[in-house]
Amino acid sequence: HTTMSKPVIIRFTDQAIQPAESAGPDSPPIKRVIGFVKMKDLFPLFDQLDLEANPRSAKAGSVTSAIRKTLTETPETFRYKSKGILLGCANYQPLQRNRWQLTFMDPATEGTLDGGHNELAIGLHVLEPHMEEARWSQIKFWPEMKSAWREHREEIEAYKDEYQTLVPVELLLPDSNSPETVDEFLALSLIHI
């Protein structure tokens with residue numbers, strides 16, 4: 001089924017684009033955009049996305065605790081310690097200044113393909129100062145985090161400039177917007193296992 005999300009704009013502080021041609025003539029029609037995104041510039045993604053495409057459901061535990069510890073104690077090293085977030089999107093528009101407009105059409109195959117624990121840890125990290133500790137510590141799964149995120153979104157927005165930590169982000173996109181290329185891209189099932 002197709003559910004159109006509102007477009008999300010991702011702004012990279014720096015990026016590298018690897019075109020499909022560089023991978024060889026028999027490679028799938030995939031363009032990779034890799035780089036760093038300020039945590040605050042991921043907030044629109046958190047507003048829109050759920051984690052249906054990610055096969056491992058993210059649960060708060062030792063992995064998210066370790067990620068949050070880095071975000072709190074040594075945020076400047078996070079981009080080196082984490083693989084970050086892998087996003088797949090068939091409907092995109094390159095914009096100026098390292099920005100990409102993404103419209104996720106099918107949440108089962110597009111969105112977060114890998115990095116759900118990083119997203120959950122970032123969400124918890126951002127929410128913590130805006131919630132009572134007892135309630136915040138009860139959040140274990142993405143839907144609970146999303147519910148709290150929506151509830152506290154205005155406070156998050158008011159303090160967003162505090163979240164400058166760089167997060168590694170990789171986008172997988174069709175190499176062109178032609179219907180054939182987009183169909184081939186969607187048929188690849190890029191979900192990490």
Side-chain angles (χ1 to χ4, degrees), residues 8 10-16 18 32-89 98 100 102 104 107-153 155-172 190-193:
V8 172
I10 298 289
R11 178 196 306 266
F12 286 87
T13 57
D14 52 273
Q15 67 180 17
Q18 299 173 335
R32 283 179 67 199
V33 181
I34 53 176
F36 298 123
V37 175
K38 288 180 181 175
M39 190 184 293
K40 70 175 189 157
D41 290 330
L42 290 174
F43 292 177
L45 189 68
F46 281 61
D47 294 337
Q48 283 292 321
L49 274 195
D50 284 315
L51 298 180
E52 294 106 290
N54 194 334
R56 291 185 299 255
S57 74
K59 179 180 192 284
S62 59
V63 172
T64 53
S65 292
I67 296 166
R68 281 197 351 268
K69 183 174 182 187
T70 300
L71 289 171
T72 304
E73 296 176 10
T74 55
E76 66 283 357
T77 66
F78 180 71
R79 64 183 142 165
Y80 305 115
K81 291 181 172 183
S82 171
K83 288 191 305 175
I85 299 168
L86 174 64
L87 298 170
C89 186
N98 294 346
W100 296 82
L102 310 175
F104 300 99
T109 58
E110 296 179 281
T112 301
L113 305 181
D114 198 18
H117 284 92
N118 282 316
E119 285 191 41
L120 181 59
I122 290 167
L124 289 168
H125 176 73
V126 171
L127 279 168
E128 188 173 15
H130 305 293
M131 295 182 70
E132 293 174 24
E133 206 281 327
R135 190 152 166 261
W136 176 84
S137 65
Q138 296 297 308
I139 299 173
K140 299 293 180 220
F141 297 99
W142 180 262
E144 299 163 356
M145 193 286 296
K146 275 289 293 244
S147 176
W149 182 270
R150 281 191 292 272
E151 191 178 322
H152 296 279
R153 189 60 179 95
E155 300 109 284
I156 290 167
E157 188 64 22
Y159 290 92
K160 75 175 183 184
D161 287 336
E162 293 182 16
Y163 298 100
Q164 301 289 329
T165 301
L166 294 176
V167 178
V169 174
E170 178 177 346
L171 302 181
L172 297 181
L190 297 164
I191 295 167
H192 267 35
I193 301 184

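It should be emphasised that the depicted structure is a prediction, and the values quoted were computed from it without experimental measurement. Computation of the quantities below employed the complete heavy-atom set of this structure, encompassing side-chain atoms and omitting hydrogens, waters and symmetry-equivalent molecules. Count residues from 1 along the sequence.
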Residues in side-chain hydrogen bond (donor to acceptor under 3.5 Å, both in side chains) with Glu170, at least two apart? Arg32

Report the residues that fulfil side-chain hydrogen bond (donor to acceptor under 3.5 Å, both in side chains) with Ser82, sequence neighbours left out, ordered by chain and then residue number. Asn118

With side-chain contact (heavy atoms from CB on, under 4.5 Å) as the criterion, how do Phe46 and Val126 come out once you've worked through the C-alpha distance, each side chain's angles and the decisive distance to 0.1 Å? CA-CA 11 Å; Phe46 281 61; Val126 171; over 6 Å; no

Residues two or more places apart in sequence or in another chain: which of them pass salt bridge (Lys or Arg N to Asp or Glu O under 4.0 Å) with Arg11? none

Working note: Leu71 + Met39, criterion side-chain contact (heavy atoms from CB on, under 4.5 Å); need CA distance, chi angles, decisive distance, verdict. CA-CA 10 Å; Leu71 289 171; Met39 190 184 293; 3.5 Å; yes

Which heavy atom of Leu120 sits nearest to which heavy atom of Trp142, and what is that distance? N-CZ3, 3.9 Å

What salt bridge (charged side-chain N to carboxylate O under 4.0 Å, His left out) pairs are there with at least one residue in residues 134-146, not counting sequence neighbours? Asp50-Lys146, Arg135-Glu151

Quick check: closest heavy atoms across Leu124 and Ala60, and the distance to 0.1 Å? CD1-CB, 4.1 Å

Side chain to side chain contact (heavy atoms under 4.5 Å, CB included) partners for Arg79, two or more places apart: Phe36, Leu166, Pro168

Among pairs that include at least one residue of residues 35-44, which meet side-chain hydrogen bond (donor to acceptor under 3.5 Å, both in side chains), considering only residues two or more places apart or in two chains? Lys38-Gln164, Lys40-Asp161

Sequence neighbours excluded, the answer for side chain to side chain contact (heavy atoms under 4.5 Å, CB included) partners of Thr70 is Thr74, Thr77, Phe78, Lys81

Quick check for you: to the nearest 0.5 Å, what is the distance between Ser62 atom OG and His117 atom NE2? 8.5 Å

As an exercise, state the distance from OG1 of Thr64 to CD1 of Ile122, rounded to the nearest 0.5 Å. 11.5 Å

Donor-acceptor pair, distance only, cut-off 3.5 Å: does the side chain of Thr72 make one with the backbone of Lys69? no

Do you know the tightest heavy-atom contact between Asp14 and Asn98? CA-ND2, 3.9 Å

My understanding is that only residues two or more places apart in sequence, or in another chain, count here; which of them pass ring-ring contact (aromatic ring centres under 6.0 Å, His included) with Phe43? Trp149, Tyr163

Glu155: partners by side chain to side chain contact (heavy atoms under 4.5 Å, CB included), with sequence neighbours left out: His130, His152

Where is the tightest heavy-atom contact between Cys89 and Phe104, given as atom of each residue plus distance? CB-CE2, 3.7 Å

CA sep, side-chain torsions, deciding dist, call: Ile10, Leu42, side-chain contact (heavy atoms from CB on, under 4.5 Å): CA-CA 7 Å; Ile10 298 289; Leu42 290 174; 4.2 Å; yes

Does CD belonging to Glu76 count more than 12 external heavy atoms closer than 6.0 Å? yes

Straight-line distance of Glu162 CD to Ile156 CD1, nearest 0.5 Å: 12.0 Å

What are the two closest non-hydrogen atoms of Ser137 and Ala134, and how far apart are they? OG-O, 3.0 Å

Here the pair of heavy atoms bringing Gln18 nearest to Ile34 is NE2-CD1, 4.0 Å

What I'd like to find out is whether the side chain of Leu171 reaches to under 4.5 Å of the side chain of Gln15, using heavy atoms alone. no

Test side-chain contact (heavy atoms from CB on, under 4.5 Å) applied to Ile139 and Met131, step by step: CA-CA 11 Å; Ile139 299 173; Met131 295 182 70; 3.9 Å; yes

Would you mind reporting whether Thr112 and Leu87 have side-chain heavy atoms less than 4.5 Å apart? yes

Got a sec, which residues hit side chain to side chain contact (heavy atoms under 4.5 Å, CB included) with Glu157, two or more places apart in sequence or on another chain? Arg153, Lys160

Calculate, to the nearest 0.5 Å, the distance between atoms CG and CE belonging to Leu127 and Met145 respectively. 6.5 Å

